[in-house]
Amino acid sequence: MVAEPRTWVDVEGALRAWAREVLPQIAGRVFFAYSTKAARDQITITRIAGPDDRALIQFDVWGPDKASAAALASALATEADAIGRYTFTPDAEGEPSVLIHGAVVESVRWQPDEESGDARYVVEATYTVTAAQ
């Protein structure tokens, strides 16, 4: 059996743009790593596993306290469940546009940072993402 070739895309970049758009309450604070220079209510994105069409993504949702982190995690999970089709066009020339088809939220769990004790929820979701045609 021969698999059809596919165009791999920047899944994390597309999800960062999507999260920044659908969660205006955090003023764009969605990063690939925790920022000590930004306010504590922020989200970090990590790709855990899977190809683009079954990408398991972990969002670390940080807040100044448990209630704030819980509210932001709930908002993120709600938006992930509701995503229909979202198109992202990268800034880099020659990079393909990205189409997020949908998501399944796998889990939302309270997991404060082990070292600092900072408030954090972890939201895991599987996204179906392809190159936009």
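These numbers were taken from a predicted model, which means no experiment stands behind them.
Listed by chain and residue number, D60 satisfy the side-chain hydrogen bond (donor to acceptor under 3.5 Å, both in side chains) test with Q58 (two or more places apart in sequence, or in another chain). Residues passing the side-chain contact (heavy atoms from CB on, under 4.5 Å) test with A75, sequence neighbours excluded: L23, Q25.
A distance of 5.5 Å separates CG in L15 from CD1 in I57, rounded to the nearest 0.5 Å. Remark: S68 OG to Y121 OH distance equals 11.0 Å, nearest 0.5 Å. Interatomic distance, D53 CG to T126 OG1, rounded to the nearest 0.5 Å: 11.0 Å.
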Next item on the list: Go through the steps to decide whether R20 and I43 satisfy the test side-chain contact (heavy atoms from CB on, under 4.5 Å), and finish with yes or no.
Entry: CA-CA 9 Å; R20 285 177 169 173; I43 295 174; over 6 Å; no
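The backbone N or O of V9 sits less than 3.5 Å from a side-chain atom of D52, completing a donor-acceptor pair. S35 places a side-chain N or O within 3.5 Å of a backbone atom of K37 that can act as its donor or acceptor partner. Not one N or O on the side chain of R120 forms a donor-acceptor pair closer than 3.5 Å with the backbone of W62. Using modelled atom types, no side-chain atom of R85 and backbone atom of L99 make a donor-acceptor pair closer than 3.5 Å.
For R109, the CZ atom sits in a packed shell: over 12 heavy atoms of surrounding residues, nucleotides or ligands are nearer than 6.0 Å.
Both V123 and W110 sit in one connected hydrophobic cluster of ILVMFWY residues. Membership requires side-chain heavy atoms under 4.5 Å apart, directly or through other members. Placement of V108 and I83 within a single hydrophobic cluster is found when ILVMFWY residues are connected by side-chain heavy-atom separations under 4.5 Å, directly or transitively. Grouping the Ile, Leu, Val, Met, Phe, Trp and Tyr side chains by contacts below 4.5 angstrom, directly or via other members, places I26 apart from F31. Both I45 and V11 are assigned to one and the same hydrophobic cluster, defined by single-linkage of ILVMFWY side chains at heavy-atom distances under 4.5 Å. Put simply, V122 and L72 are part of two different groups of oily side chains (I, L, V, M, F, W, Y) that touch within less than 4.5 Å, one to the next.
Scanning all heavy atoms of the two residues, the minimum distance from V105 to A77 falls at CG2-O, 3.6 Å. The shortest heavy-atom contact between A103 and A80 is CB-O, 3.6 Å. The shortest heavy-atom contact between P112 and G117 is CB-O, 4.1 Å. Nearest approach of V61 to A73, heavy atoms of both residues: CG1-N, 3.6 Å. For the pair G63 and R40, the tightest heavy-atom approach, listed with the atom from each and the gap, is O-CD, 3.2 Å. Scanning both residues, G13 and D10, for their nearest heavy atoms gives N-OD1, 2.8 Å.
The side-chain heavy atoms of T7 and P96, taken from C-beta on, include a pair separated by under 4.5 Å. Contact check for R6 versus P51: side-chain heavy atoms found under the 4.5 Å cut-off. At a threshold of 4.5 Å between non-hydrogen side-chain atoms, the residues Y86 and Y127 do not count as touching. Taking 4.5 Å as the limit, some side-chain heavy atom of E79 sits within range of a side-chain heavy atom of W18.
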